[in-house]
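Data first, discussion second: the structure below is written as structure tokens.
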Amino acid sequence: MDLTGLVNNIFAATTGIDAGRKGFATRGKEQEGRVSYEKGIFEALVGFKEAQSTSDPQTIILAEYTFLTQELQFCDETDKDSKSSLNQAIQSFDDAFLSLKVVEDKSLYEGAENTYPRNRKYRVSGCPKDSFHIACISHKTRLQNILKAPGIDAIEKALLKQRFVNLLTAQDCYIEKQKKVLV
């Protein structure tokens with residue numbers, strides 16, 4: 001998979017979703033808004049499914065990261081809660097990217113692994129619950145909370161569920177990387 005193409009597709013999809021939402025709120029533009037919104041959701045869903053099919057944690061979180069940064073860009077300046085939540089998620093994924101680099105280096109990761117308590121609340125499948133896991137866990141919670149909100153369109157729920165599944169896949173694949181380096 002071409003990462004640049006994936007990022008561009010996610011970027012275009014979020015732009016379409018945002019344009020659609022704005023169209024809903026504009027008298028006489030509701031139909032155009034609906035078309036743009038549905039097309040954006042469809043394109044995003046395709047992009048997230050492609051990312052999941054790679055079974056590559058970096059590709060999966062790159063897709064999510066791109067989506068989040070676009071959501072933040074389109075977020076209304078007065079929506080302080082959403083901006084704060086998006087910024088926090090983006091910062092968590094910045095840390096997750098760092099974990100992905102470290103897990104590739106056996107000597108670095110073995111040393112880091114020794115700094116994590118052996119208590120199971122600090123472990124995921126026996127591996128350290130590092131910043132990659134923390135980012136995925138907290139973002140899955142965020143997505144679940146959005147899914148619980150009333151009035152979410154069925155097609156948007158499908159996208160949110162796909163993003164949730166992607167994070168599960170990313171974590172499973174990351175655990176394999178952890179186990180491989182710790183053997």
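Since the structure is predicted, the reported quantities are computational estimates derived from the model, not experimental observations.
For K157, the salt bridge (charged side-chain N to carboxylate O under 4.0 Å, His left out) test picks out no residue, with sequence neighbours left out. Residues passing the salt bridge (charged side-chain N to carboxylate O under 4.0 Å, His left out) test with K180, sequence neighbours excluded: none. Under the rule for a salt bridge (charged side-chain N to carboxylate O under 4.0 Å, His left out), E71 has no partner lying at least two apart in sequence or in another chain. Scored by the ring pair (Phe, Tyr, Trp, His ring centres under 6.0 Å) test, Y122 finds no partners at all (sequence neighbours excluded). F48 is linked by a ring pair (Phe, Tyr, Trp, His ring centres under 6.0 Å) to F67, counting only residues two or more places apart in sequence or in another chain. With sequence neighbours left out, the salt bridge (charged side-chain N to carboxylate O under 4.0 Å, His left out) criterion links D105 to no other residue. Judged as a ring pair (Phe, Tyr, Trp, His ring centres under 6.0 Å), and not counting sequence neighbours, the contacts of F97 are Y65.
Note: C173 SG to Q52 CD = 9.0 Å, rounded to the nearest 0.5 Å. Taking CD1 of I10 as the reference point, atom CD of E64 lies at 8.5 Å (rounded to 0.5 Å). The line from OG of S125 to NZ of K179 is 5.0 Å long, rounded to the nearest 0.5 Å. Rounded to the nearest 0.5 Å, atoms CG (L143) and CZ (R163) are 5.0 Å apart. Here the CD1 atom belonging to I17 is positioned 8.5 Å from the CD1 atom belonging to I155, to the nearest 0.5 angstrom. Atom OG of S84 sits about 10.5 Å away from atom CG of L72, to the nearest 0.5 Å.
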Test side chain to side chain contact (heavy atoms under 4.5 Å, CB included) applied to V165 and T169, step by step: CA-CA 6 Å; V165 169; T169 301; 4.3 Å; yes
For the pair Y174 and S99, evaluate side chain to side chain contact (heavy atoms under 4.5 Å, CB included) and give the outcome as yes or no after the intermediate values. CA-CA 10 Å; Y174 184 74; S99 288; 3.4 Å; yes
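Each salt bridge (Lys or Arg N to Asp or Glu O under 4.0 Å) pair with one or both residues in residues 107-121, not counting sequence neighbours, appears once here: K106-E110, E113-R118, E113-R123. Screening residues 89-101 for salt bridge (Lys or Arg N to Asp or Glu O under 4.0 Å), with sequence neighbours left out, gives no hits. Applying the salt bridge (Lys or Arg N to Asp or Glu O under 4.0 Å) test to residues at least two apart or on different chains, the pairs with a partner in residues 27-44 are K29-E32, R34-E38, R34-D153, K39-E43. Applying the salt bridge (Lys or Arg N to Asp or Glu O under 4.0 Å) rule to pairs touching residues 131-148 yields nothing, sequence neighbours excluded.
A donor-acceptor distance shorter than 3.5 angstrom exists from the side chain of S138 to the backbone of A135, with no hydrogens or angles considered. At least one donor-acceptor pair under 3.5 Å links the side chain of T141 to the backbone N or O of I137.
In plain terms, the two heavy atoms of D56 and T59 that are nearest each other are OD2-OG1, 2.6 Å. Here the shortest heavy-atom pairing between A89 and L68 reads CB-CD1, 3.9 Å. Of all heavy-atom pairs spanning S82 and D79, the tightest one is OG-OD2, 2.8 Å. Scanning both residues, L6 and G47, for their nearest heavy atoms gives CD1-O, 3.4 Å. The two residues T15 and Q70 have their closest heavy-atom pair at OG1-NE2, 3.8 Å. Shortest non-hydrogen contact noted between I60 and A51 is CG1-O, 3.4 Å.
I175 forms part of a hydrophobic cluster together with V124, judged by ILVMFWY side-chain heavy-atom separations under 4.5 Å.
Neither side chain, Q88 nor H139, offers a donor N or O lying under 3.5 Å from an acceptor on the other. Looking at D130 and Y109, their side chains do bring a donor and an acceptor atom within 3.5 Å of each other.
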